[in-house]
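Lettering follows sequence order; numbering is per chain, from 1.
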2 protein chains.
Amino acid sequence: MVSKLNVRQVTHVACRDCSLSQLCLPLALKIEDIDELDRIIKRGRPLKKGEHLFLEGDPFHSVYAVRSGALKTYTATNEGEEQITGFYLPSELVGLSGLDTEAYPVSAQAIETTMVCEIPFDRLEKLSDDYPELRRQLMRVMCRKIREDQQMKLLLSKKNADERIATFLINLASRFRRRGFSSQSFRLSMSRNEMGNYLGLAVETVSRVFTRFQKNGLINANGKEIEITNAMELCALAGGKLVEHQDIVNIQ
Amino acid sequence: MVSKLNVRQVTHVACRDCSLSQLCLPLALKIEDIDELDRIIKRGRPLKKGEHLFLEGDPFHSVYAVRSGALKTYTATNEGEEQITGFYLPSELVGLSGLDTEAYPVSAQAIETTMVCEIPFDRLEKLSDDYPELRRQLMRVMCRKIREDQQMKLLLSKKNADERIATFLINLASRFRRRGFSSQSFRLSMSRNEMGNYLGLAVETVSRVFTRFQKNGLINANGKEIEITNAMELCALAGGKLVEHQDIVNIQ
DNA sequence: CGTCTAGTTGAGTAACATCAACGTGGGTGG
DNA sequence: CCACCCACGTTGATGTTACTCAACTAGACG
């Protein structure tokens, strides 16, 4: 009896008990309505690094909220190489861009051991018929994505290698901070290769910039472990701003 | 009496009489519901080239459908230069990316004499409460935008100058085609400068690529007048495909 | 213990930016 | 109506950034 309860708690953390609920979809709902959302969510086994959540071209049926770990989405270029289109950390929603099509326009793959909440879209859509706030939250998520992509396009068309990496690090830092983690030091879940791919840089360039940043006292990098030692200057490079001492803001 | 009617027709083309209705928001509505949408739409005087529809930071209140002419949206980089984020042709919706914020995240400016339909967002939102199909259409427009941005990011991070220009031309061609115009020959509404800015290239590079394309028989360019003389090869360069003879498809 | 992948570093190179000069056409003011 | 001006576009010469190729190291994993 007790053991069964425990198992259920471990494998099925309800939205109302989830530490991410105020960063994720449930934030749009009143406490008594959260269970409604909860009922349609499916929680599966963890994905191991390298496993796919869905493949480009798979029939679209669900969006997913990352619970732990990290995902990347990517699409194939004409030459068959992969182009990474985004990284997704806990509380973030992945799969929305396929929403108006029959198929996912990108593949989603775990870049470390990852747990997700699956939200079948037809049921989410029905639910959102009754909850205007949920609807608006979905809109907000998509609008934010559009604005992020805008920033990304600016990065790709105007920024040099240093600025790209600085922007990327500051952006990650702010996403960690949002979830209550340190924005000073954190662990990169992606490889240098994936970072370069995403930022439109060769691996070697990424490596060189990291080395140079370290030499100049901006960061301390030990493999995937990153410590930001001069947030001020890193932000300046990224083109963002520091609101308070050591308090990194997302580059909108 | 008659003259008054005429004036009204000229300045106030109703959605139901608009040739763009099946390419624009009304396509989500039944014929009898279109008038409902029509009632909330405001149609103002034409914007002259260079006039702004809204400025970055202006309070968000409306989305706009382009009726004739063309707009660009742009944002300021940290160094104060402009970064063009999109071009908008007739039937296309501009202003949606500010939807979840208090302010427009970009400026919108006419690049030639332009007419727009203004759709106050609070009223559109109310209307969409009653018309699920309208709601879904809005979602679709945003999803498409996200996917277009994805393609744009790929262009900016992986394609060389030739491929960028080819992609741009093919994309424009397909948008003209969608509206029933020739995809073979058309007039660019933007300057070489704006094109380069948008594509992440220097003006000189754009100019050189145009010259080279012409030399190689891919296009015939006379100032802003463009004729595509080898659609096949241009598509190949862009990484798209030709469905039928001379039948250009959008690069998804 | 060998193999494989990820990461780093160096040398040479290609692609595009930058700088400069010049032509052209459309708009404006005299 | 003409002359001038200015923005736009083109072309050439040069410079710079980041890519490519290659070699090497270190850690992961069977």
Side-chain angles (χ1 to χ4, degrees), chain A residues 48-50 70 72 77 79 81-84 109 111-113 154-169 187-216 219-226 237, chain B residues 48-50 70 72 77 79 81-84 109-113 155-169 187-216 219-226 237:
Chain A
K48 283 201 286 270
K49 177 174 173 169
K72 69 175 173 188
T77 65
E79 290 79 37
E81 315 157 68
E82 86 175 28
Q83 167 65 43
I84 296 176
Q109 186 180 25
I111 54 176
E112 55 185 29
T113 304
L154 198 149
L155 177 145
L156 290 170
S157 78
K158 290 272 186 301
K159 294 187 179 179
N160 64 23
D162 285 16
E163 292 164 345
R164 290 183 198 198
I165 304 261
T167 306
F168 183 70
L169 290 177
R187 192 174 174 286
L188 299 171
S189 42
M190 68 291 295
S191 69
R192 300 282 192 272
N193 213 319
E194 290 168 324
M195 215 183 303
N197 181 301
Y198 178 65
L199 295 173
L201 297 171
V203 200
E204 296 93 327
T205 305
V206 175
S207 188
R208 279 184 250 270
V209 173
F210 268 76
T211 307
R212 186 145 23 86
F213 277 6
Q214 184 140 14
K215 211 173 288 171
N216 297 343
I219 63 169
N220 238 315
N222 181 11
K224 294 200 181 340
E225 292 297 332
I226 299 288
L237 252 181
Chain B
K48 282 201 287 269
K49 177 175 175 170
K72 69 176 174 188
T77 66
E79 290 79 38
E81 316 156 67
E82 88 175 28
Q83 167 65 44
I84 296 175
Q109 186 180 24
I111 55 176
E112 55 185 31
T113 304
L155 177 145
L156 290 170
S157 79
K158 290 272 188 297
K159 293 186 179 180
N160 64 25
D162 285 15
E163 293 165 343
R164 290 184 198 197
I165 305 260
T167 306
F168 184 71
L169 290 177
R187 194 175 172 287
L188 299 171
S189 43
M190 68 291 296
S191 69
R192 300 284 191 270
N193 213 318
E194 290 167 326
M195 213 182 304
N197 181 302
Y198 179 66
L199 294 174
L201 298 171
V203 201
E204 295 93 329
T205 305
V206 175
S207 188
R208 279 185 250 269
V209 172
F210 267 77
T211 307
R212 186 144 25 84
F213 277 5
Q214 183 140 13
K215 210 173 290 171
N216 297 342
I219 63 170
N220 239 316
N222 182 11
K224 292 199 184 338
E225 293 296 333
I226 299 289
L237 251 181

Sub-4.5 Å side-chain heavy-atom contact between A/Ile165 and A/Leu201: yes
Main-chain N/O of B/Ala202 paired with B/Arg192 side-chain donor or acceptor, under 3.5 Å: no
Integer-rounded Å distance: D/dA7 P and B/Ile111 CD1: 19 Å
Contact state string [nucleotides 9-20 of chain C, B base, S sugar-phosphate only, - no protein heavy atom under 4.0 Å]: BBB----SSBBB
Whole-Å distance separating the CG atom of A/Asn197 from the P atom of D/dC19: 12 Å
Contact state string [nucleotides 23-30 of chain D, B base, S sugar-phosphate only, - no protein heavy atom under 4.0 Å]: --------
Nearest-0.5 Å distance that lies between atom CG in A/Leu237 and atom CG in A/Asp162: 6.0 Å
From CG (B/Leu188) to CE (B/Met195), nearest 0.5 Å: 4.5 Å
Between C/dG7 (P) and A/Met190 (CE): distance, integer Å: 11 Å
Pair B/Glu112 + B/Arg187, salt bridge at N-O below 4.0 Å: yes
Shortest non-hydrogen separation from A/Phe213 to A/Ala166 and the atoms involved: CE2-N, 4.0 Å
Using the 3.5 Å cut-off, write out each protein N or O paired with an N or O of nucleotides 3-6 of chain C and the distance between them.
none

Heavy-atom pair with the smallest gap, counting every atom of B/Lys158 and A/Glu82: CE-O, 4.1 Å
Over all atoms of both residues, closest heavy-atom pair of B/Leu199 and B/Arg164: O-NH1, 2.9 Å
Nearest heavy-atom neighbours spanning B/Ser157 and A/Leu156: CB-CD2, 3.8 Å
From B/Met190 atom CE to B/Lys72 atom NZ, the distance as rounded to the nearest 0.5 Å: 10.0 Å
